[in-house]
There are 2 protein chains.
Amino acid sequence: MRAEGADHGNCQEACRPLTDILVRIGDKWTVQVIGALSKGSLRYSQIFKQIEGVSQRMLTLTLKGLERDGLVTRTIYPTIPPRVDYALTDRGRTLIEPLHVLWTWAYENRDAIDETRRAFDQRRDEEASSTPRILPRYEAAAVTRRAD
Amino acid sequence: MRAEGADHGNCQEACRPLTDILVRIGDKWTVQVIGALSKGSLRYSQIFKQIEGVSQRMLTLTLKGLERDGLVTRTIYPTIPPRVDYALTDRGRTLIEPLHVLWTWAYENRDAIDETRRAFDQRRDEEASSTPRILPRYEAAAVTRRAD
DNA sequence: CTGGATCCGCAGGGATACTG
DNA sequence: CAGTATCCCTGCGGATCCAG
């Protein structure tokens, strides 16, 4: 599985649009929105309730971004009160598997990563407290200045 | 390939650490650093040159974050001038394939997405220009204010 | 109900200068 | 060479209010 379709090495000009996309995909809310929609279309309020912590503003912006990229469709029912359904497009559905792979990786590694982080932070704190407060080398100069 | 190891549906509490990781992974520079290191260990300056547009600050922070997560190792050679090598850990190497999948997806879809975006933006601009400049309903009030 | 518009705090991140 | 420290500014994103 070493398909060299994408050139990872010297990606001077090829990378820019790619990272542009990856940043959008890796976005905090985008992942969760796609996850929510992966099971079928949902109304705005349903997504809003399902993704805890997102603000209306961010949800709207995220959905609009996904719509702009052709990853979700937005269907308006001109009823009262209005109703808007969101669903993944075919293109959007092709993202489910790649994201699922990443999701699985995160799921499998999160405990180990958490522990590694703790160990790292602890070591860092110990080093910081053991450092005997390096004094500025200008202290001597400052002292000579005293009786000036 | 519908391994339901991770629960996508009601991820009230389970999602938080996961998105935490995914945000870190999806980070603009993280992806590129891992890509650069996927072929072998590199010195700081080599990574710096290879990733166009990154600042020293961001590269350092990104590498430190990856080290904290146990995804890269940092090896110091106390020579003069100093030399520091970075390399993926075993855990870091397990990330190559998931990222490669995502990378491939981005590579295959970037043209289509670019075009979809242009079409979307163009339609949006047209609608905006065709809108007959909705005047604020307070204009009348403002007018009455004129001869006060 | 589904957003749009606005205000605003604060952190992300670039540029620069300095150190070991 | 490989960072660290500082300044500074942009824009992300939350809170709030308003409109269709």
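Keep in mind it's a predicted model, so treat the numbers as computed, not measured. Order of the sequence lines sets the chain letters (A, B, ...), proteins ahead of strands, with each chain counted from 1. Just the heavy atoms: all of them, side chains too, but no hydrogens, waters or symmetry mates, feed the values below.
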Q: Report yes if the side chains of B:Ile21 and A:Asn109 come closer than 4.5 Å at any heavy-atom pair, otherwise no.
A: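 Not touching, per the 4.5 Å side-chain cut-off.
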Q) Is B:Arg117 close to B:Ile113 at the side-chain level, that is, under 4.5 Å between some pair of heavy atoms? A)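 Yes, close enough: below the 4.5 Å cut-off.
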For [X] and [N], give me the distance from atom [atom1] to atom [atom2], rounded to whole Å.
{"X": "A:Arg57", "N": "D:dC17", "atom1": "CZ", "atom2": "P", "answer": "16 Å"}
{"X": "B:Asp85", "N": "D:dG3", "atom1": "CG", "atom2": "P", "answer": "10 Å"}
{"X": "B:Leu63", "N": "D:dT4", "atom1": "CG", "atom2": "C1'", "answer": "15 Å"}
{"X": "B:Arg43", "N": "D:dA2", "atom1": "CZ", "atom2": "C1'", "answer": "9 Å"}
{"X": "B:Glu52", "N": "C:dG14", "atom1": "CD", "atom2": "P", "answer": "13 Å"}
{"X": "A:Leu61", "N": "D:dC12", "atom1": "CG", "atom2": "C1'", "answer": "10 Å"}
{"X": "A:Ile80", "N": "C:dG3", "atom1": "CD1", "atom2": "P", "answer": "16 Å"}
{"X": "A:Tyr44", "N": "C:dG4", "atom1": "OH", "atom2": "P", "answer": "8 Å"}

Q. Hey, does A:Lys28 reach any base, or is it just sugar-phosphate, or nothing, if we go heavy atoms under 4.0 Å?
A.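 Nothing, no nucleic acid heavy atom in range.
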Q) Contact class for B:Tyr86 (heavy atom, under 4.0 Å): base, sugar-phosphate, or nothing? A)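 The residue B:Tyr86 makes sugar-phosphate contact but no base contact.
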Q: Please check if A:Ile34 and A:Val54 belong to a single hydrophobic cluster, counting links between Ile, Leu, Val, Met, Phe, Trp and Tyr side chain heavy atoms closer than 4.5 Å.
A: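 A:Ile34 and A:Val54: one cluster.
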(Q) Test of understanding: clusters of I, L, V, M, F, W, Y form through side-chain heavy atoms closer than 4.5 Å, transitively. Do A:Val31 and A:Leu61 belong to the same one? (A)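 Yes, one cluster joins them.
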Q. Would one find a side-chain N or O of B:Ser45 under 4.0 angstrom from OP1 or OP2 of D:dA2?
A.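 Checking D:dA2 against B:Ser45, a side-chain N or O does come within under 4.0 Å of OP1 or OP2.
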Q | B:Lys64 side-chain proximity, nearest of C:dG14, C:dT2, D:dT4 | A |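 The answer is D:dT4, which lies nearest to the side chain.
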Q) Which nucleotide, C:dG14, C:dG3, D:dG14, lies nearest any side-chain atom of B:Trp29? A)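 Selected nucleotide: C:dG14.
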Q) When you match A:Val54 and B:Arg74 each to their closest nucleotide on DNA chain D, which lands nearer the 5' end? A)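 Whichever sits nearer the 5' end wins; that is B:Arg74.
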Q: Could you check B:Gln56 against A:Pro81 and say which one's nearest nucleotide on DNA chain C is further toward the 5' end?
A: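 Of the two residues, A:Pro81 wins.
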Q) Counting distance only, does the side-chain N/O of A:Arg74 pair as donor-acceptor with the main-chain N or O of A:Val84 below 3.5 Å? A)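 It does not hold such a pair.
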